S.K.: 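Before I ask anything, let me first share the structure, which is written out below as structure tokens.
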Amino acid sequence: QVQLVESGGGSVQAGGSLRLSCASSGRTFSSYAMGWFRQAPGKEREFVAAISWSGGTTYSGDSVKGRFTISRDNTKNTVYLQMNSLKPEDTAVYYCAARRWGTGTSRAGDYDYWGQGTQVTVSS
């Protein structure tokens, strides 16, 4: 069983930055592809970014390309989401997710484990 715990959320003004972290308790973290998703009130869960088990391949959603960067440190069992140039429309609960097999994808249904989420609020 894998437990994922997100941290780093908070409130920031538009144009600011935040870095989210997701720590895993699993011993096989380095074999999992990881993803970040977000969900705003009244909206469906949206893909943000994904990263392969090695960190060699990353993917980003169109709405965050050029602003958000996903990375991982397998020695610390942690995946990160660096968020720059934040906009009010980035306001959401951000979730990290782990996928046991295959590469990172944009489909939430492909992931096996989820964290509880961390709130990000961007004010104008």
Side-chain angles (χ1 to χ4, degrees):
Q1 188 70 13
V2 173
Q3 290 187 327
L4 303 173
V5 179
E6 301 95 338
S7 62
S11 297
V12 64
Q13 288 191 329
S17 299
L18 284 173
R19 188 176 82 154
L20 305 183
S21 300
C22 173
S24 170
S25 63
R27 292 180 294 175
T28 55
F29 173 81
S30 61
S31 67
Y32 295 158
M34 300 295 296
W36 285 97
F37 292 78
R38 67 187 183 186
Q39 189 164 19
K43 294 188 177 181
E44 294 186 351
R45 192 163 293 192
E46 177 189 13
F47 169 70
V48 176
I51 189 166
S52 62
W53 65 270
S54 67
T57 304
T58 61
Y59 314 85
S60 297
D62 289 341
S63 61
V64 305
K65 279 181 181 176
R67 300 188 298 123
F68 291 11
T69 302
I70 188 171
S71 62
R72 67 190 296 161
D73 185 342
N74 287 343
T75 66
K76 296 182 179 179
N77 283 9
T78 301
V79 63
Y80 304 98
L81 184 68
Q82 178 66 45
M83 306 186 295
N84 298 328
S85 301
L86 282 160
K87 304 175 181 179
E89 51 263 44
D90 294 319
T91 295
V93 177
Y94 284 71
Y95 300 89
C96 72
R99 188 184 188 206
R100 287 176 293 182
W101 307 110
T103 61
T105 80
S106 62
R107 297 183 296 269
D110 288 343
Y111 291 82
D112 302 291
Y113 304 103
W114 291 82
Q116 293 299 308
T118 185
Q119 176 71 46
V120 171
T121 302
V122 184
S123 58
S124 58

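Everything numeric in this text was worked out from a predicted model, so none of it was measured. Scope of the values below: all heavy atoms of this structure, side chains included, with no hydrogens, waters or symmetry mates.
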S.K.: What orientation do Trp114 and Tyr95 show, parallel under 30°, tilted 30 to 60°, or perpendicular over 60°?
M.R.: perpendicular
S.K.: What are the two closest non-hydrogen atoms of Ala92 and Ala40, and how far apart are they?
M.R.: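 Taking every non-hydrogen atom into account, CB-N, 3.8 Å.
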S.K.: Give, for atom CD1 of Ile51 and atom SG of Cys96, the distance between the pair rounded to the nearest 0.5 Å.
M.R.: 12.5 Å
S.K.: Among Glu46, Lys87, Arg38, exactly one meets side-chain contact (heavy atoms from CB on, under 4.5 Å) together with Val64. Which residue is that?
M.R.: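 The option that passes is Arg38.
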S.K.: Between Asp90 and Arg67, is any pair of side-chain heavy atoms under 4.5 Å apart?
M.R.: yes
S.K.: Please check if any side-chain donor atom of Tyr111 sits under 3.5 Å from a side-chain acceptor atom of Arg99, or the reverse.
M.R.: no
S.K.: Which atoms form the tightest heavy-atom contact between Ser17 and Ser85, and what is the distance?
M.R.: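 Residues Ser17 and Ser85, closest heavy atoms: OG-N, 4.3 Å.
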S.K.: Quick one about Ser24 and Arg72 (side-chain donor to acceptor, distance below 3.5 Å, no hydrogens or angles considered), yes or no?
M.R.: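 There is no such pair between these side chains.
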S.K.: For the residue pair Leu86 and Phe68, establish whether any side-chain heavy-atom pair is separated by less than 4.5 Å.
M.R.: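 Heavy-atom side-chain distance check passes, below 4.5 Å.
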S.K.: With a 4.5 Å limit on heavy-atom distance, are the side chains of Thr103 and Thr57 in contact?
M.R.: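 SC-SC contact between Thr103 and Thr57 ruled out.
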S.K.: Atom CH2 in Trp101, atom CH2 in Trp53: separation rounded to 0.5 Å?
M.R.: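 Taking CH2 in Trp101 and CH2 in Trp53, the distance rounds to 13.0 Å.
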S.K.: Linking I/L/V/M/F/W/Y whenever their side-chain heavy atoms sit closer than 4.5 Å, directly or via other members, would Val93 and Val122 fall into one cluster?
M.R.: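 Looking at the clustering, Val122 is in a separate group from Val93.
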S.K.: Could you check if a side-chain atom of Gln119 sits within less than 4.5 angstrom of a side-chain atom of Thr91, using non-hydrogen atoms only?
M.R.: yes
S.K.: Would Phe47 and Tyr59 count as a close aromatic pair, with their ring centres under 6.0 Å?
M.R.: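 Not under 6.0 Å, so no.
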S.K.: Mind listing the closest non-hydrogen atom pair of Ser31 and Thr28 along with its distance?
M.R.: OG-O, 2.7 Å
S.K.: Could you walk me through whether Leu4 and Met34 pass the side chain to side chain contact (heavy atoms under 4.5 Å, CB included) check?
M.R.: CA-CA 11 Å; Leu4 303 173; Met34 300 295 296; 4.1 Å; yes
S.K.: Looking at Glu89, I'd like to know if its CD atom is crowded, meaning that more than 12 non-hydrogen atoms belonging to other residues, nucleotides or ligands lie closer than 6.0 Å.
M.R.: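 More than 12 within 6.0 Å, yes.
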S.K.: Minimum heavy-atom separation for Pro88 and Ser124, please, with both atom names.
M.R.: CG-CB, 3.9 Å
S.K.: For Asp112 and Arg100, indicate whether the former's side chain and the latter's backbone hold a donor-acceptor pair under 3.5 Å.
M.R.: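 Yes, Asp112 side chain to Arg100 backbone: donor-acceptor pair under 3.5 Å.
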S.K.: Could you state the interatomic distance from CG (Leu81) to OG (Ser21), rounded to the nearest 0.5 Å?
M.R.: 9.5 Å
S.K.: Quick one: does Thr58's side chain have a donor or acceptor within less than 3.5 Å of a partner on Ile70's backbone?
M.R.: no
S.K.: Are any of the side-chain heavy atoms of Gln39 and Phe37 separated by less than 4.5 Å?
M.R.: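 Answer no - side chains too far apart.
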S.K.: Would you give the length of the straight line joining atom CG of Asn74 to atom OH of Tyr32, rounded to the nearest 0.5 angstrom?
M.R.: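 Output value for this atom pair is 12.0 Å.
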S.K.: To the nearest 0.5 Å, tell me how far Met83 CE sits from Thr69 OG1.
M.R.: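 Reported to 0.5 Å precision, the distance equals 11.0 Å.
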S.K.: Would you say Glu6's side chain and Leu20's backbone share a donor-acceptor pair under 3.5 angstrom?
M.R.: no
S.K.: Out of curiosity, Cys22 SG to Phe29 CZ, how far, rounded to the nearest 0.5 Å?
M.R.: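 That separation rounds to 7.0 Å.
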